[in-house]
Amino acid sequence: MYTTDLSGKNAKKPEAAAAEDPVLLATFEARVANDEFIEPKDWMPEAYRRTLVRQISQHAHSEIVGMLPEGNWITRAPNLRRKAILLAKVQDEGGHGLYLYSAAETLGASREEMIDALHSGKAKYSTIFNYPTLTWADIGAIGWLVDGAAIMNQVPLQRTSYGPYARAMVRICKEESFHQRQGYELMMAMMAGTPEQKRMGQDAMNRWWHPSLMMFGPPDDKSPNTEQSIRWRIKRETNDELRQKFVDVTVPQAEAIGLSVPDPNLKWNDARGHYDFGALDWEEFYAVVRGEGAVAKERMTARVKAWEDGAWVREAARAYAEKRAAAKVAAE
Amino acid sequence: MSDAKDWPLWEVFVRAKGGLSHRHAGSVHAADAKMALEHARDTYTRRMEGVSLWVVPSAQITASDPADAGPLFEPAEDKIYRHPTFYSIPSHIKHI
Ligand SMILES: [Fe+2]
Ligand SMILES: [Fe+2]
């Protein structure tokens, strides 16, 4: 997922459309309204391009940073099967980041600019990754809840108006399903285990439930860009709609394995045909967006270190390629 | 777009299985062609999505301009006689 527009609060108002050719703009709006795809070289309003670059790169950053909380447990996985699974999942997340960076590059953003923006703190990523992974059960909770929330968010984006983004989402959604299932299976194992394992499972549930619900972003009335994004088909359902869907499908999954949902206000509402649930702590959410999450510093330090430690490899590979290209020219 | 420090961009095409054409999958950055193939494998074929890969420097692709799509494809527009459905054949005539 991780597609919530986190900079919405300070985002500039879209520039007056008058600056753009009204005929082109009308044609564009009509195509999008008609559920046609916009492709990289097609004319598009500047605000559409800008919003997409921000949303897609934010999403890519989340996939990349998302490798850290789980990568942290690879060496401590309890057996080889779990280790191989976790390794494959983390590698997938790296792949997701790459699909998305490529999609953003088709809009004219360079890879380097995007990575710089992440490392300098200018670009945001999903708040969920600024929470620590304290026990092995957290790996189950992340796969099941965090990837589950991601799927809920991403499935509608397979029909988003921008072609390269939609195609990346199709690929990602196919892979996410394994992520969620392995997480739930891990939780099932914990909940069928010793009292100590069950306690760990419940503790992970208690810590990850609310942050997972916040992954869908602020409530609709506090989400200023929603209307335009929905019209442009770069968002297809509102934050609150998606959050409700997630609660509705996830609560029975928790109950089925003996996990209780840490919300005293959670109750099935027959009239609505949905679960009612308690208010979320949005002050905490905004604090995490501002970079005050428990491990926000640690995450960025790890990212920047990996990038800087790899610099000599990137430079050497480039120098080697240039040398070989020159030798080839000389030989011809 | 300053590509000054990024490795060059390559477009990746994957043949899903024998008998099918290579199909565009996405792109990767790589210093050279060999590395582009390796990155393409790791990025686009982690689940046996392919039996063959092509990588092409993105800068080498010449693309038509969508803004000119109208005039570019116009010549085909009025030639409906190129389609079999243009011809009406009595229904008792078989195998045609
Ligand atoms: Fe992912
Ligand atoms: Fe995932």
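Naming convention: chains lettered A, B, ... in sequence-line order (proteins, then strands); numbering from 1 in each chain.
- If you measure heavy-atom distances from A/Glu315 to chain B, you find no contacts under 4.5 Å at all.
- Annotation for A/Ala321 and B/Ala31: closest pair CB-O, 3.3 Å, computed over non-hydrogen atoms.
- Residues B/His29 and A/Tyr101 have side chains not in contact (no heavy-atom distance under 4.5 Å, counting atoms from C-beta outward).
- Within the 3.5 Å criterion, the main-chain N or O of B/Asp6 finds a donor-acceptor partner in the side chain of A/Arg318.
- In this structure, the portions of A/Gln91 lying under 4.5 Å from any heavy atom of chain B include both its backbone and its side chain.
- Comparing B/Asp32, B/Val28, B/Thr43 by how many heavy-atom pairs each has under 4.5 Å with chain A, the most go to B/Thr43.
- A heavy-atom distance below 4.5 Å is not found between the side chains of A/Glu112 and B/Trp7.
- The shortest non-hydrogen separation linking A/Ala317 to B/Met35 is CB-CE, 3.5 Å.
- A heavy-atom distance below 4.5 Å is not found between the side chains of B/Arg47 and A/Lys174.
- Enclosure of atom CZ in A/Arg231 by more than 12 non-hydrogen atoms of other residues, nucleotides or ligands within 6.0 angstrom is indicated.
- Between A/Arg314 and B/Lys5 the shortest side-chain heavy-atom distance does not fall below 4.5 Å.
- Interface residues of residues 63-90 of chain B toward chain A, defined by a heavy-atom distance below 4.5 Å and sorted by number: B/Ala63, B/Ser64, B/Pro66.
- For the atom pair B/Ser27 OG and A/Arg111 CZ, the distance stands at 7.5 Å (nearest 0.5 Å).
- Heavy atoms from other residues, nucleotides or ligands lying under 6.0 Å from CD1 of B/Ile93 number more than 12.
- Using a distance-only test at 3.5 Å, with no hydrogens or angles considered, no donor-acceptor pair links the side chain of A/Ser102 to the main chain of B/Gly26.
- Per-residue heavy-atom pair counts under 4.5 Å with chain B were compared for A/Glu322, A/Glu175, A/Arg324, A/Arg167, and the maximum is reached by A/Glu175.
- The 12-atom threshold is not exceeded at CZ of B/Arg23, counting heavy atoms of other residues, nucleotides or ligands nearer than 6.0 Å.
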